[in-house]
Amino acid sequence: MPSAAAPIISSVQKLVLYETRARYFLVGSNNAETKYRVLKIDRTEPKDLVIIDDRHVYTQQEVRELLGRLDLGNRTKMGQKGSSGLFRAVSAFGVVGFVRFLEGYYIVLITKRRKMADIGGHAIYKVEDTNMIYIPNDSVRVTHPDEARYLRIFQNVDLSSNFYFSYSYDLSHSLQYNLTVLRMPLEMLKSETTQNRQESFDIFEDEGLITQGGSGVFGICSEPYMKYVWNGELLDIIKNTVHRDWLLYIIHGFCGQSKLLIYGRPVYVTLIARRSSKFAGTRFLKRGANCEGDVANEVETEQILCDASVMSFTAGSYSSYVQVRGSVPLYWSQDISTMMPKPPITLDQADPFAHVAALHFDQMFQRFGSPIIILNLVKEREKRKHERILSEELVAAVTYLNQFLPPEHTIVYIPWDMAKYTKSKLCNVLDRLNVIAESVVKKTGFFVNRPDSYCSILRPDEKWNELGGCVIPTGRLQTGILRTNCVDCLDRTNTAQFMVGKCALAYQLYSLGLIDKPNLQFDTDAVRLFEELYEDHGDTLSLQYGGSQLVHRVKTYRKIAPWTQHSKDIMQTLSRYYSNAFSDADRQDSINLFLGVFHPTEGKPHLWELPTDFYLHHKNTMRLLPTRRSYTYWWTPEVIKHLPLPYDEVICAVNLKKLIVKKFHKYEEEIDIHNEFFRPYELSSFDDTFCLAMTSSARDFMPKTVGIDPSPFTVRKPDETGKSVLGNKSNREEAVLQRKTAASAPPPPSEEAVSSSSEDDSGTDREEEGSVSQRSTPVKMTDAGDSAKVTENVVQPMKELYGINLSDGLSEEDFSIYSRFVQLGQSQHKQDKNSQQPCSRCSDGVIKLKPVEQGLLK
């Protein structure tokens with residue numbers, strides 16, 4: 001069924017900042033540079049931000065004329081010899097926002113980006129570099145002695161480290177939400193378009209409402225989920241002033257994508273982690289929850305599976321699974337002034353009615369639906385009561401809240417002391433986690449945008465029929481969420497989330513018809529690829545919150561980690577302790593300033609003078625809250641009414657107000673994802689193509705030895721991977737030499753080029769060719785006497801790879817066709833030989849084709 005709508009692609013993707021003495025002119029264009037918008041920023045105001053957006057869409061010629069007039073007018077006005085009226089200050093790819101400390105405003109621009117993932121043709125970019133420019137000119141600048149220190153603190157938030165954005169895909173929402181919005185009924189989209197036209201103050205908003213015989217397509221843009229947006233405060237001052245295409249929302253966390261090749265069929269596995277911007281901070285300085293129910297170190301992790309052979313959201317196959325980690329939702333903290341590796345845990349406030357936990361779980365019901373499953377991994381038995389304090393309080397809070405919920409929507413609590421089971425020699429930690437993962441995925445289900453495939457009918461599986469979630473005509477919806485926590489939500493949590501993700505991945509592959517049973521084994525190429533993604537994900541999140549990479553990994557809990565890993569674990573522990581003791585306070589100040597938690601004000605204490613930031617994050621300490629929630633009916637009535645579906649995805653008046661709907665012609669650039677992805681107007685090279693450079697299961701994980709089963713679901717030996725085979729220089733050169741020789745290419749290049757070619761292979765077809773050539777001995781220049789060896793080398797890999805031999809007896813028709821092509825090849829070879837200068841080789845030709853032909857056919 002064709003989709004009624006398409007995501008709106010931002011028309012501001014390339015920016016150039018022009019400067020005059022009195023103004024900045026920010027010129028933004030779409031990727032094809034056919035549509036332009038212009039922002040005028042006043043530089044004569046010392047402390048106020050004055051921005052004018054005329055909301056007009058310019059052509060390239062009109063922009064050139066406008067800039068020419070500005071240049072000429074400013075030259076005349078200035079009247080100085082040899083001075084240009086308009087300077088090109090900087091080129092950029094987006095506006096992070098505007099910020100002010102004690103002097104005037106700064107503009108923060110993204111100057112470098114790198115593509116990290118592709119979802120249905122929608123590119124996800126990582127911020128690589130930014131530029132911060134002071135807006136007022138020197139003649140009106142009022143200096144302040146503390147401005148430089150605030151600027152330095154603000155820039156301590158490294159925007160080039162794990163910040164992501166997209167021009168057409170809403171990264172703050174899940175794939176399930178984004179595709180649910182696109183499948184809204186046509187009648188609702190029509191009414192919403194009419195309402196937008198009546199209420200809109202933008203006179204150019206309805207450009208493109210070209211119906212032409214009913215060929216119009218609805219474009220939809222949804223409001224971002226501000227909890228996961230990190231530059232919301234920086235854009236807040238211009239949100240109601242400029243066109244929405246200028247607003248580029250960024251998330252913080254992790255994004256990684258790898259290619260799983262299933263007999264040449266590419267399947268993209270994407271992992272996206274969204275870190276909450278509410279109650280954000282560092283390890284020991286942000287624990288528990290604030291008064292609004294936001295918890296520390298809250299990260300939403302989504303794994304997306306898509307068949308890359310079909311690109312569009314309408315016709316393609318997409319599946320996703322979401323889970324959450326976050327600190328225990330109580331008022332608790334740890335005092336780091338004691339300089340202990342494990343400071344004692346303190347409950348800061350008594351909360352007998354679980355008020356803060358109620359606010360937190362109400363948010364989760366609204367975003368994820370029910371059931372909410374808590375997997376609590378903290379220790380339950382200790383000689384000295386430490387982590388057990390949190391377990392006891394969490395059990396009491398969940399028990400209190402559950403007594404008022406309807407029985408079918410109660411919160412599920414699973415306590416499991418992971419540290420205790422790790423020390424035990426009798427039980428396997430990951431086996432037990434796998435049992436928990438199976439029960440969790442069965443309860444929540446997962447999202448897939450197509451009905452169950454026919455293979456589930458041909459090869460029915462008992463587990464598939466027990467799967468939870470919500471089944472709809474167009475596929476399945478995930479209802480509910482798994483919320484995992486330990487004390488830090490780092491090492492143990494990452495391993496538990498990996499096991500749940502691995503279980504969900506099996507169901508996702510099964511739903512797309514790619515495996516015959518929803519089971520995945522360790523030491524397969526698919527699981528190794530997924531494990532590497534999750535370890536990168538865990539390392540990144542651990543660095544952001546704890547100051548070091550993971551200390552305990554999946555291999556640690558499988559007890560197969562090499563002995564060198566123990567020394568690495570010790571170094572990571574020391575690094576984490578050093579970071580927590582000496583640098584976390586500065587990082588916390590930077591985060592508070594960047595997120596707008598603290599606003600510098602003249603005459604009030606500076607950020608570095610505050611003894612604590614407690615009151616900044618707990619607003620009820622500064623003023624009484626206007627309303628107090630019921631102690632028994634602690635949920636939002638509208639949310640509980642629509643369970644198990646998440647209220648954010650229900651089609652209702654409240655949610656419709658969050659959408660911007662416009663009607664376009666079907667070939668308009670704002671909704672043409674084909675042009676946006678393939679960019680036919682640009683010259684592209686294979687070396688720069690993202691889909692060929694990403695990690696691939698066939699190139700990076702599949703062994704390159706002869707006769708290996710190419711399936712990514714075949715169990716390998718622990719040391720049998722593509723990485724170990726291609727690890728050293730000699731093996732890498734040999735593999736590349738084989739690949740080049742088999743393709744009749746020139747000799748292998750230098751070491752630098754060899755490294756790049758082995759890491760950035762040129763895609764599925766080239767990968768398969770390279771794999772076959774490495775498993776078989778290259779076909780060398782031979783004469784008739786070596787025909788038997790050539791035949792053996794060709795036939796053997798085909799037998800091992802495809803399970804068939806060459807036919808003993810060919811039909812006369814096939815034989816004549818083959819002979820004709822052999823003759824064509826011979827004549828072409830003679831022409832090529834005659835056109836070249838004579839060489840010292842034999843005059844009969846390089847390869848005697850006739851003996852090879854007879855050997856192959858007989």
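Numbers here simply count residues along the sequence, with the first being 1.
- For the pair K115 and Y125, the NZ or CZ position fails the cation-pi test of under 6.0 Å to the six-membered ring centre and within 45 degrees of the ring normal.
- Q478 places a side-chain N or O within 3.5 Å of a backbone atom of V322 that can act as its donor or acceptor partner.
- In this view, D672 and H674, N675 satisfy the side-chain contact (heavy atoms from CB on, under 4.5 Å) rule, not counting sequence neighbours.
- Between the side chains of R275 and N297, at least one donor-acceptor pair of N or O atoms lies under 3.5 Å.
- A donor-acceptor contact shorter than 3.5 Å is absent between the side chain of R367 and the backbone of P646.
- Take A273 and apply the side-chain contact (heavy atoms from CB on, under 4.5 Å) test, not counting sequence neighbours, and it matches F254, V299, T301, H537, L541.
- Residue R679 qualifies as enclosed at atom CZ: its count of foreign heavy atoms under 6.0 Å is above 12.
- Between the CG atom of D53 and the CH2 atom of W246 there is a distance of 7.0 Å, given to the nearest 0.5 Å.
- Taking CZ of F313 as the reference point, atom CG of N449 lies at 9.0 Å (rounded to 0.5 Å).
- Panel note: side chain E45, backbone D42; no donor-acceptor pair is recorded below 3.5 Å.
- Formation of a donor-acceptor pair under 3.5 Å by the T636 side chain with backbone atoms of E638 is not found in this model.
- Inspection of the D648 and H173 side chains reveals no N or O donor paired with an N or O acceptor under 3.5 Å.
- At a cut-off of 3.5 Å, with distance as the only test, a side-chain donor of T34 or N30 sits close to an acceptor on the other residue.
- A side-chain N or O of Q176 and one of E649 form a donor-acceptor pair less than 3.5 Å apart.
- For residues 15-47, no residue pair satisfies the ring-ring contact (aromatic ring centres under 6.0 Å, His included) rule, not counting sequence neighbours.
- With hydrogens and angles ignored, the 3.5 Å screen pairs no side-chain donor or acceptor of T282 with any backbone N or O of Y545.
- Applying the salt bridge (charged side-chain N to carboxylate O under 4.0 Å, His left out) test to D236 and every residue at least two apart in sequence or in another chain returns K239.
- Under the 3.5 Å distance criterion, with hydrogens and angles disregarded, a donor-acceptor pair is assigned to the side chains of Q257 and T270.
- For S312, the side-chain hydrogen bond (donor to acceptor under 3.5 Å, both in side chains) test picks out no residue, with sequence neighbours left out.
- T241 contributes atom OG1, which lies 9.5 Å from atom CG of L39 (distance to the nearest 0.5 angstrom).
- With rounding to the nearest 0.5 angstrom, the CD1 atom of I591 is 11.0 Å from the CG atom of D586.
- Residues Y167 and F165 have side chains in contact (heavy-atom distance under 4.5 Å, counting atoms from C-beta outward).
- Between the side chain of R43 and the main chain of I135, a donor-acceptor pair closer than 3.5 Å is present.
- Contacts of S168 classified as side-chain contact (heavy atoms from CB on, under 4.5 Å), with partners at least two apart in sequence or in another chain: I9, H122, S166, I673.
- Partners of S277 under the side-chain hydrogen bond (donor to acceptor under 3.5 Å, both in side chains) rule, at least two apart in sequence or in another chain, do not exist in this structure.
- Side chain to side chain, D362 and Q366 fail the donor-acceptor criterion of an N or O pair below 3.5 Å.
- Shown here for N231 and L248, the closest heavy-atom pair between the two residues is ND2-O, 2.8 Å.
- Atom OG of residue S91 and atom NZ of residue K112 lie 12.5 Å apart, to the nearest 0.5 angstrom.
- A salt bridge links K227 to E298: at least one charged side-chain nitrogen sits closer than 4.0 Å to a carboxylate oxygen.
- Of the possible polar contacts, none joining the R69 side chain to the R64 backbone as a donor-acceptor pair under 3.5 Å is found.
- Side-chain contact between V108 and N131: absent, with no pair of heavy atoms (C-beta onward) separated by less than 4.5 Å.
- Side-chain contact between I119 and I304 is present, with at least one heavy-atom pair separated by less than 4.5 Å.
- For the residue pair Y228 and S172, the shortest heavy atom distance occurs at CD1-O, 3.9 Å.
- Of the possible donor and acceptor atoms, none in the side chain of N74 sits under 3.5 Å from a partner among the backbone N and O of L86.
- In this structure a side-chain-to-backbone donor-acceptor pair under 3.5 Å is present from N137 to R21.
- Taking the ring-ring contact (aromatic ring centres under 6.0 Å, His included) definition, one finds that F447 meets it with nothing, sequence neighbours left out.
- Sorted by first and then second residue, the salt bridge (charged side-chain N to carboxylate O under 4.0 Å, His left out) pairs with a member in residues 128-143 read E103-R141, R114-E128, K126-E128; sequence neighbours excluded.
- Taking 4.5 Å as the limit, some side-chain heavy atom of L15 sits within range of a side-chain heavy atom of L26.
- With sequence neighbours excluded, the residues forming a ring-ring contact (aromatic ring centres under 6.0 Å, His included) with Y647 are H642, listed by chain and number.
- Applying the side-chain contact (heavy atoms from CB on, under 4.5 Å) criterion to S161, with sequence neighbours excluded, gives D158.
- Residues meeting the ring-ring contact (aromatic ring centres under 6.0 Å, His included) test with H606, sequence neighbours left out: Y150, W608.
- Between E223 and K657 there is no salt bridge, since none of the side-chain N atoms of the basic residue sits less than 4.0 Å from a carboxylate O of the acidic one.
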Problem - Step-by-step ring-ring contact (aromatic ring centres under 6.0 Å, His included) determination, H618 to F279 - result: CA-CA 9 Å; H618 295 77; F279 203 50; 5.7 Å; yes
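- One distance of note links CD1 of I153 with CD of Q588; it measures 12.5 Å at 0.5 Å rounding.
- Contact check for L109 versus V90: side-chain heavy atoms found under the 4.5 Å cut-off.
- Side-chain contact of T540 with N162: a donor-acceptor pair under 3.5 Å is absent, judged by distance alone.
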Exercise for the section: Evaluate the side chain to side chain donor-acceptor pair (under 3.5 Å) criterion for residues H144 and E602: first the C-alpha distance (whole Å), next the side-chain angles of each, then the deciding distance (0.1 Å), finally the verdict. Expected result: CA-CA 10 Å; H144 194 284; E602 193 73 40; 3.2 Å; yes
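- F154 pairs with exactly one of F101, F598, Y106 by the ring-ring contact (aromatic ring centres under 6.0 Å, His included) rule, that one being F101.
- For Y58 against V63, the heavy-atom pair with the smallest separation is CB-CG2, 3.5 Å.
- Contact of the P600 side chain with the L593 side chain is registered, since non-hydrogen atoms from C-beta on lie closer than 4.5 Å.
- Electrostatic pairing of E670 and K35 counts as a salt bridge here, judged by a charged N lying under 4.0 Å from a carboxylate O.
- Considering all non-hydrogen atoms of both residues, S11 and R37 come closest at OG-NE, 3.8 Å.
- Looking at Y134, its side chain does come within 3.5 Å of a backbone N or O of G104 through a donor-acceptor pair.
- One finds no salt bridge joining R100 and E147 here, because no Lys/Arg side-chain nitrogen approaches an Asp/Glu carboxylate oxygen to under 4.0 Å.
- Put simply, the side chain of V50 does not reach to within 4.5 Å of the side chain of I41, judged on heavy atoms.
- I220 is not listed as a side-chain neighbour of I660, based on a closest heavy-atom distance of 4.5 Å or more.
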